[in-house]
Amino acid sequence: MPLVFLPARFARRSCLCLTWMLLALLLAACSRHPLPAEKLSQDVYIWQRQWTPALRTALSASNAQVARWHVLAAELGASGRWIDIAPDAEALANTGRPLIMTVRINGQLARFDAAAIQDHLLALLAAWRQRGLQPAALEIDYDCATARLPEYTAFLRSLKARIAPTDLTVTALPTWLASPQLASLLAVADASTLQVHAVLDPRLGLFDGERARDWMRQYAAQTRRPWHVALPAYGSRVSWDAQGRVAAVESERPLLAGGLGRELMAEPQVMARFVAEVEAAPPPGLAGLVWFRLPTGDDRRAWSLSTWLAVLERKPLKGGLAVQLVAGQGSNAPADIRIDNAGNVDLPLPLRVNLAPRDAASSGNVCSGDGINGYTLESDARGRYLRLGQAGLLRAGSSRTIGWLRCADGTPAPELTLEMGS
């Protein structure tokens, strides 16, 4: 085909038309196929005091999805006593990730001796460096009362000068959002992390997405520095006193007896949906997520490692909860009532397991039985059922026996159905 030369003016007009046509096509394509939301970076808290084999396994398995590790280095208790934690320097160095040295100061600390606390923090930094660890930042986790923010701000300003050039980061509480002092405090730190998992009302649980989004919007308006949001991957047992006030929250160790206790869980599917919403429309200044805390096989209040990795990798979460009778061994042995989770995600335990007679003729010939492992056998106008006493998660790929039944010869076993909580 011979070449055709167009006049210059016609060529320019043709090129301009072609450009607009291409732009229109691109816009149309984007409207039909919107670009996927960009995945936010993910930090993780290592909050364990003991470096067990299970912790090292979880660290290695999760490392590819983690931007930075926030490592608990010490805790200052309400009594003023320090508990220093010696992390596994070799395991941390092998991650190749930046390390944040995190220090927890109890919010109920009676006497805040700023100079003594700073001296201890500088000694901790020196000890880490002597072991070959170079923290990218020192993070202070101090859940103080809002009225103490001016004192805390002055402490941070002095500490920042003493640890320079190491960065200083802080955690922040939603209860501080109404304080005019918060912006000044955040201006001192190089970065911060907003904690949106909190126990304010047992009806709202450990995490409420709508409330968390509102806190994040307010927080973004108060800081000009990079910030992260801390999200829960665990459960807590909460107790209330006789007046309905929160008396204690325990997330790492068994709670002492006393008070009205209840388990509150952060559900993996709820957190995965929340992350997707945040990534689709992140608030200004949000630099990433910080998960609390790294789950291990030893930690019964945290998610399973398989569920944890599925959430970190943004994989689809598929539930597979089912209940069945498992025949006992022996002619007179009772049958176990067992719940199985065949999915890849930890799921809340069912609130109720109904035991319905197979037919009207067998309704009067009742099987004997009872509940175990957190369930009790009860009855109401709808019939007999096993009721869950404390909320919890059934880990992916695991089972739990929740009761037993023994039926007379010729009596068909009842039909079992699951009833989840709202």
Side-chain angles (χ1 to χ4, degrees), residues 43 45-49 70-83 85 100-114 117-118 120-121 124 137-157 159 168-186 188-189 191-202 204-208 211-212 215-216 218-219 222-223 227-240 245-253 255 264 266 290-293 301:
D43 293 3
Y45 279 103
I46 299 176
W47 212 248
Q48 290 82 356
R49 294 184 180 184
H70 297 238
V71 185
L72 182 64
E75 293 183 77
L76 178 57
S79 65
R81 175 175 171 266
W82 281 98
I83 299 176
I85 299 159
I100 311 298
M101 192 180 86
T102 303
V103 176
R104 169 74 172 166
I105 300 176
N106 193 293
Q108 304 300 317
L109 183 64
R111 180 172 178 268
F112 193 92
D113 188 336
I117 294 173
Q118 289 182 16
H120 196 92
L121 296 177
L124 282 172
L138 168 62
E139 180 180 47
I140 307 299
D141 178 33
Y142 180 36
D143 294 347
C144 68
T146 305
R148 303 189 72 170
L149 289 182
E151 174 190 31
Y152 185 30
T153 301
F155 165 80
L156 292 173
R157 187 175 292 110
L159 175 62
L168 175 65
T169 71
V170 297
T171 62
L173 296 176
T175 51
W176 296 352
L177 287 168
S179 172
Q181 182 63 36
L182 177 58
S184 298
L185 185 149
L186 297 178
V188 173
S192 63
T193 297
L194 174 65
Q195 305 174 57
V196 295
H197 47 108
V199 179
L200 299 180
D201 185 334
L204 298 176
L206 187 66
F207 177 83
D208 179 78
R211 185 177 56 180
W215 285 339
M216 292 169 67
Q218 294 181 55
Y219 195 78
Q222 298 227 34
T223 181
W227 62 281
H228 288 68
V229 59
L231 301 178
Y234 69 101
S236 290
R237 181 173 174 82
V238 184
S239 67
W240 292 268
R245 297 169 300 195
V246 174
V249 179
E250 183 50 64
S251 301
E252 288 94 34
R253 296 177 296 276
L255 189 68
L264 303 178
V290 189
W291 290 98
F292 183 90
R293 60 193 178 263
R301 281 211 172 103

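All values derive from a computational prediction rather than experimental measurement. These numbers come from the heavy atoms of this one structure, side chains and all, not from hydrogens, waters or symmetry mates.
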Quick one: pull up [atom1] in [X] and [atom2] in [Y] and give me the separation to the nearest 0.5 Å.
X	Y	atom1	atom2	result
Asp43	Leu231	CG	CG	11.0 Å
Tyr152	Leu159	OH	CG	9.0 Å
Gln222	Ser184	CD	OG	9.5 Å
Asp143	Thr171	CG	OG1	5.5 Å
Met101	Ile85	CE	CD1	11.0 Å
Trp215	Asp208	CH2	CG	8.0 Å

Between [X] and [Y], what is the shortest heavy-atom contact and its length?
X	Y	result
Ile100	Glu139	CG2-CB, 3.6 Å
Ala145	Trp176	C-NE1, 4.4 Å
Val196	Ala212	CB-CB, 3.8 Å
Asn106	Gly77	CB-C, 3.8 Å
Thr193	Val229	CG2-C, 4.3 Å
His197	Ala230	CD2-O, 3.4 Å

Could you tell me if the side chain of [Y] sits less than 4.5 Å from the side chain of [X], heavy atoms only?
X	Y	value
Ile117	Val103	no
Gln195	Asp141	yes
Leu186	Tyr219	yes

Count the heavy atoms belonging to other residues, nucleotides or ligands that lie under 6.0 Å from CD of Glu151, then report whether that count exceeds 12.
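Yes, the 6.0 Å shell around CD holds more than 12 heavy atoms from other groups.
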
* Asked: Could you walk me through whether Arg293 and Leu72 pass the side chain to side chain contact (heavy atoms under 4.5 Å, CB included) check?
  -> CA-CA 11 Å; Arg293 60 193 178 263; Leu72 182 64; over 6 Å; no

Fit a plane to each ring of Trp47 and Phe292, take the angle between them on a 0 to 90° scale, and name the class: parallel (under 30°), tilted (30 to 60°) or perpendicular (over 60°).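 Because their plane-to-plane angle is over 60°, the rings of Trp47 and Phe292 count as perpendicular.
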
- Task: Could you check whether the rings of Tyr45 and His70 sit parallel, tilted or perpendicular, using 30° and 60° as the cut-offs?
- Result: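 Tilted, since the angle between the ring planes falls between 30° and 60°.
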
query: What do the steps show when you test Met216 against Trp227 for side chain to side chain contact (heavy atoms under 4.5 Å, CB included), and what is the final call?
result: CA-CA 10 Å; Met216 292 169 67; Trp227 62 281; 3.9 Å; yes

Check against side chain to side chain contact (heavy atoms under 4.5 Å, CB included), Leu76 and Tyr142:
CA-CA 10 Å; Leu76 178 57; Tyr142 180 36; over 6 Å; no

